[in-house]
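The figures that follow rest on heavy atoms only: side chains count, while hydrogens, waters and symmetry mates do not. Proteins get letters first, then strands, A, B, ... in listed order; numbering begins at 1 in each.
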Amino acid sequence: MQNYLNELNPIQADAVKYLDGPSLIIAGAGSGKTRVLTYKIVHLLNSGYKPSNILALTFTNKAAREMQTRMKMLANEGDINKLWIGTFHSIFAKLLRIEGQVMGFPSTFTIYDADDAKREIKDIIKEKKLDPQQYPANEIYSRISKAKNNLVLPSSYEKNYELQKFDSSIKRPETLAIYKSYYNRCRKAQAMDFDDLLLNTNILLRDYPDILDKYQNLFKYILVDEYQDTNVSQYIIVKRLSALHKKICVVGDDSQSIYSFRGAKIENILNFEKDFKNLKTFKLEQNYRSTKNIVNAANSLIEKNVNRLKKVVFTENEVGDKIYLKQFVDDKKEAYFVGDSIKKYKLNNEFDYSDIAILYRTNSQSRTFEEVLRRKSIPYKIYGSISFYQRAEIKDIVAYLRLIINKRDDQAIKRIINYPKRAIGNTTMQKIINVANSNELNIWDVLLQIEKLSKILSVRVINAIRKFVNLIDYLTEEMQKLDAFELVNLVLEKTTIKQVMSNDTTTEGVNKYQNVEEFTNAVRDFTDNADDDRSITKFLEEIALATDQDKEADDQDNNKVTMMTVHASKGLEFKKVYIVGMEEGLFPSYLSTSNDRELEEERRLMYVAITRCEKILHITSAASRMKWGKYTSAAPSRFLTEINPKYLEMGVVEEKNDDFFENKEEFNNFADRIRATKSYPKPEEKVLKKIKPEPTKNIEQSRQIDKKTGLEVGMKVEHTKFGRGKIIEIIGNFPNTKAIVNFEQAGQKTLLLKFAKLTIIK
DNA sequence: TTGTGCTGCTTTTTT
DNA sequence: AGCAGCACAA
């Protein structure tokens with residue numbers, strides 16, 4: 001075995017070698033954190049620890065996988081497979097499947113994702129006849145989530161005067177009642193949401209000492225990655241499990257704590273010293289990733305935060321280019337600049353597409369860039385907030401699988417009982433749900449004895465339901481004999497989903513069908529490669545906790561520009577980065593500007609964004625941007641003024657137009673700053689240059705749409721004489737606009753629009 | 001019961 | 001701009 005310790009700097013090596021007691025590794029951005037963690041695990045193995053005695057917790061599946069891959073170079077594969085390594089959620093889901101029976105959970109319990117959880121809450125609000133405006137499901141969900149992450153069960157919520165006072169003060173006195181009801185329903189459905197996985201683990205370890213004992217003994221060494229992002233629930237789990245051996249190593253960077261909206265407590269890392277006696281602290285401060293300019297710029301920004309641990313990140317890398325700053329008239333110009341810039345770098349062969357990332361604050365910003373990159377034939381991949389497995393068409397199929405495994409999964413039933421259409425409509429479901437609720441039954445129990453409802457349901461409906469029940473029963477029986485892949489195919493076949501979908505020839509329909517095919521491929525992949533358990537249960541387990549980022553492994557052509565939110569970019573690095581949309585109200589988000597804590601989190605987020613970059617960093621903003629269908633203007637982000645200007649290179653302000661500025665003062669401030677740097681050429685002329693505010697439509701587009709009638713290329717239309725057809729071209733100007741239409745029956749015709757009566761059909 | 005078209009809301013980030 | 005939810009019609 002090669003001496004891996006030689007590949008580390010002295011502090012890294014010390015951190016790896018120290019196994020005697022609790023340790024805290026403060027790892028600055030780009031300081032080789034993953035390397036230290038993986039080497040430390042290898043070191044544990046070499047020091048006689050058995051792999052099954054090591055627990056390593058990460059925040060993303062990707063991080064876990066990355067560590068495993070890296071370890072394969074250094075340790076034997078059999079050992080690595082026996083490690084307990086994974087996300088908090090997946091590890092403790094696994095634990096609950098093994099041990100949850102004592103709490104009344106079968107090993108087949110369902111995991112509700114955020115979507116399921118919100119639907120359930122929405123249903124409850126509806127059934128309680130509360131005003132959905134007053135009780136937005138989203139906010140109630142996050143309130144409940146917060147309670148759970150602070151280990152506040154409905155019973156403690158009820159006793160907590162403060163919480164209820166707050167709910168009353170915002171006119172939501174029924175929050176507790178909703179929480180109670182939601183909590184009970186999840187239990188009844190044998191379902192756990194993401195927060196329950198941690199909460200129930202806590203209850204398990206608290207109330208069952210022999211189980212606690214078992215796992216305290218099993219986990220002889222515990223490592224936690226991204227410790228700054230742990231919430232109370234996770235923190236207590238870690239504390240309980242490590243209480244016996246006190247062999248725990250947590251790694252984190254307070255400057256990169258960006259998940260407090262999800263209940264993460266930055267205090268967990270700030271106070272770690274108080275929690276563990278004889279703590280050894282290691283500070284990794286040398287950055288191996290970025291140029292001096294980038295590291296220094298990031299430092300100068302994060303220094304503005306008051307609440308932080310002392311740490312000075314430095315680098316011995318080259319000075320590098322300054323950070324390029326540019327502002328544009330609107331979001332389209334911004335996107336075109338990025339597209340052109342990527343093309344230029346690519347032409348000069350300076351970077352591969354895969355070296356480049358576009359980072360933004362909100363997912364909705366991706367659209368504009370997607371459009372531009374597609375137009376310029378630049379290959380890209382987007383990591384969206386919606387995971388592949390959360391797409392409606394996939395969730396439909398998954399719902400069948402979930403129901404086959406767990407008949408009490410009410411959310412699954414609601415989703416599929418009328419998909420594909422079987423004439424079991426909303427009214428029917430409402431009646432059934434009422435019966436279920438008033439008898440403390442699951443929906444499935446009611447369906448099993450649907451004949452009893454002959455007074456309130458028609459024979460037709462009862463027969464439809466019986467058929468549905470038979471179908472599910474049949475599939476459940478078959479499940480015993482089949483592997484996951486075979487079962488999925490049978491489901492697609494017998495439910496007629498496959499047939500229904502292939503009949504849909506619209507673009508979206510075809511797209512959905514392709515997604516389903518991709519899904520079956522993923523299932524096949526799973527059955528082919530899973531080493532021990534290839535049941536559908538195991539597969540569902542994996543995808544319930546999968547995110548979009550976890551699906552790229554099999555992507556062959558990886559030379560693509562990456563687009564993602566800054567949050568999603570944590571832990572990654574790119575040679576060239578564009579941070580876009582640096583505007584007040586967007587980054588920092590308008591929701592965070594009123595309070596210092598949240599503003600500091602936004603600043604850390606910006607810190608994360610900057611430190612993703614190895615070599616060339618562009619930061620852009622737009623003076624005006626399409627938001628909710630309207631153009632809204634914004635001043636450049638305050639964070640730009642917080643970076644020490646000596647690390648910045650101000651670009652030319654492109655075609656500035658003060659018609660776009662309601663807030664001139666803020667713009668002028670920005671302009672002043674730009675003037676203050678030498679590289680900016682004669683600002684006044686540029687700034688005062690006026691252009692017509694016609695930002696959206698380009699010529700090419702306006703030729704393809706007839707403004708008068710709203711007809712557009714690609715639309716389907718109906719003509720009184722020729723029947724249905726599709727517009728393939730629009731030519732000429734009003735009043736002589738003509739449309740070339742390809743009719744299904746009559747063939748291609750050119751019609752003068754002022755005469756032809758075309759009606760648009762969907 | 002299903003389909004359609006209108007209204008009003010959304011966007012912060014995610015395991 | 002896009003979408004969910006809803007009212008109303010077929």
Point to revise | Nucleotide nearest Thr60(A) (side chain, heavy atoms from C-beta), chosen from dT15(B), dT13(B), dA1(C) | key: dT15(B)
Review point. Looking at Tyr590(A), does the NZ or CZ of Lys627(A) lie under 6.0 angstrom from its six-membered ring centre and within 45 degrees of the ring axis?
Key: yes
Check your understanding: Checking all strands, does Asp113(A) fall into the base, sugar-phosphate, or nothing category for heavy-atom contacts under 4.0 angstrom?
Key -> nothing
Exercise for review: Mark yes or no: Arg604(A) above the aromatic ring of Tyr607(A), with NZ or CZ under 6.0 Å from the six-membered ring centre and no more than 45 degrees from the axis.
Suggested key: no
**Study point:** Between C1' of dA1(C) and NZ of Lys332(A), the distance in whole Å
**Key:** 11 Å
Study note, to complete from the structure: Atom NZ of Lys122(A) and atom P of dA4(C) are separated, to the nearest Å, by 9 Å
Check your understanding: Of all the nucleotides listed (dC6(C), dT2(B), dT15(B)), which has the minimum atom distance to the side chain of Phe194(A)?
Key -> dT15(B)
Check your understanding: What do the steps show when you test Glu120(A) against Tyr182(A) for side-chain hydrogen bond (donor to acceptor under 3.5 Å, both in side chains), and what is the final call?
Key -> CA-CA 7 Å; Glu120(A) 189 64 63; Tyr182(A) 174 66; over 6 Å; no
Review point. Ser90(A) near the nucleic acid: base, sugar-phosphate alone, or nothing, with a heavy-atom cut-off under 4.0 Å?
Key: nothing
Review point. How close or far is atom C1' of dT14(B) from atom OH of Tyr389(A), stated in whole angstroms?
Key: 18 Å
Review point. Are OP1 or OP2 of dT1(B) and a side-chain N or O of Thr428(A) less than 4.0 angstrom apart?
Key: yes
Check your understanding: When rounded to the nearest Å, what value does the distance between P atoms of dT13(B) and dA4(C) take?
Key -> 16 Å
Practice item. Using a heavy-atom cut-off of under 4.0 Å over every strand shown, decide if Ser364(A) touches base, sugar-phosphate, or nothing. Key: base
**Study point:** Gln365(A) CD to dT11(B) C1', straight-line distance once rounded to whole Å
**Key:** 10 Å
Point to revise | Polar side chain donor-acceptor pair, Ser233(A) to Asn149(A), under 3.5 angstrom | key: no
**Study point:** Non-hydrogen atoms of Thr362(A) and Thr565(A) that approach each other most closely
**Key:** C-CG2, 4.2 Å
**Study point:** Rounded distance in Å - NZ (Lys62(A)) to C1' (dT14(B))
**Key:** 15 Å
Check your understanding: Can a donor-acceptor pair be found between the side chains of Arg143(A) and Tyr179(A) at a distance below 3.5 Å?
Key -> no
Review point. Between Trp628(A) and dT11(B), do the rings stack, that is, sit under 5.5 Å apart with planes less than 30° off each other?
Key: no
Exercise for review: Please determine, by modelled atom types, if Gln228(A) and Asp254(A) share a side-chain donor-acceptor pair under 3.5 angstrom.
Suggested key: no
Revision key, fill the gap. Of Glu601(A) and Lys421(A), the one whose nearest nucleotide on DNA chain B sits closer to the 5' end is Lys421(A)
Point to revise | Neighbours of DNA chain B within residues 131-141 of chain A, by heavy-atom distance under 4.0 Å | key: Gln133(A), Asn138(A)
Check your understanding: Separation of Lys627(A) atom NZ from dT11(B) atom P, in whole Å?
Key -> 11 Å
Practice item. Name the residue closer to the 5' end of DNA chain B, choosing between Thr427(A) and Tyr590(A) according to the nucleotide with the nearest heavy atom. Key: Thr427(A)
Practice item. State whether Asn231(A) places a side-chain N or O below 4.0 Å from either non-bridging phosphate oxygen (OP1 or OP2) of dT15(B). Key: no
Practice item. May I ask you to say what Glu602(A) touches in the nucleic acid, namely base, sugar-phosphate or nothing, with a heavy-atom cut-off under 4.0 Å? Key: base
Practice item. Establish, from distance only, whether the side-chain atoms of Glu602(A) and Ser592(A) form a donor-acceptor pair under 3.5 Å. Key: yes
Review point. Tyr259(A) vs Phe261(A) aromatic rings, parallel, tilted or perpendicular, using cut-offs 30° and 60°?
Key: tilted
Study note, to complete from the structure: Quick note, His567(A) side chain, CB onward, closest among dT14(B), dT11(B), dT1(B) is dT14(B)
Review point. Between dT11(B), dT14(B), dA1(C), which nucleotide gets closest to the side-chain atoms of Ala568(A)?
Key: dT14(B)
Exercise for review: Starting from P on dT15(B), measure out to CD on Gln390(A) and report it in whole angstrom.
Suggested key: 9 Å
Point to revise | Criterion salt bridge (charged side-chain N to carboxylate O under 4.0 Å, His left out) against Asp116(A), the qualifying member of Arg402(A), Arg415(A), Lys122(A) | key: Arg402(A)
Practice item. Tell me what Phe88(A) touches on the nucleic acid: a base, only sugar-phosphate, or nothing, going by heavy atoms under 4.0 Å. Key: nothing
Point to revise | dT13(B) OP1/OP2 closer than 4.0 Å to side-chain N/O of Asn363(A) | key: yes
Review point. Rounded to whole angstrom units, what separation is found between the CZ atom of Arg367(A) and the C1' atom of dC3(C)?
Key: 10 Å
Point to revise | Residue-level proximity of residues 257-268 of chain A to DNA chain B when a heavy atom falls under 4.0 Å | key: Tyr259(A), Phe261(A), Arg262(A)
Check your understanding: Are the side chain of Arg97(A) and the backbone of Phe92(A) linked by a donor-acceptor contact shorter than 3.5 Å?
Key -> no
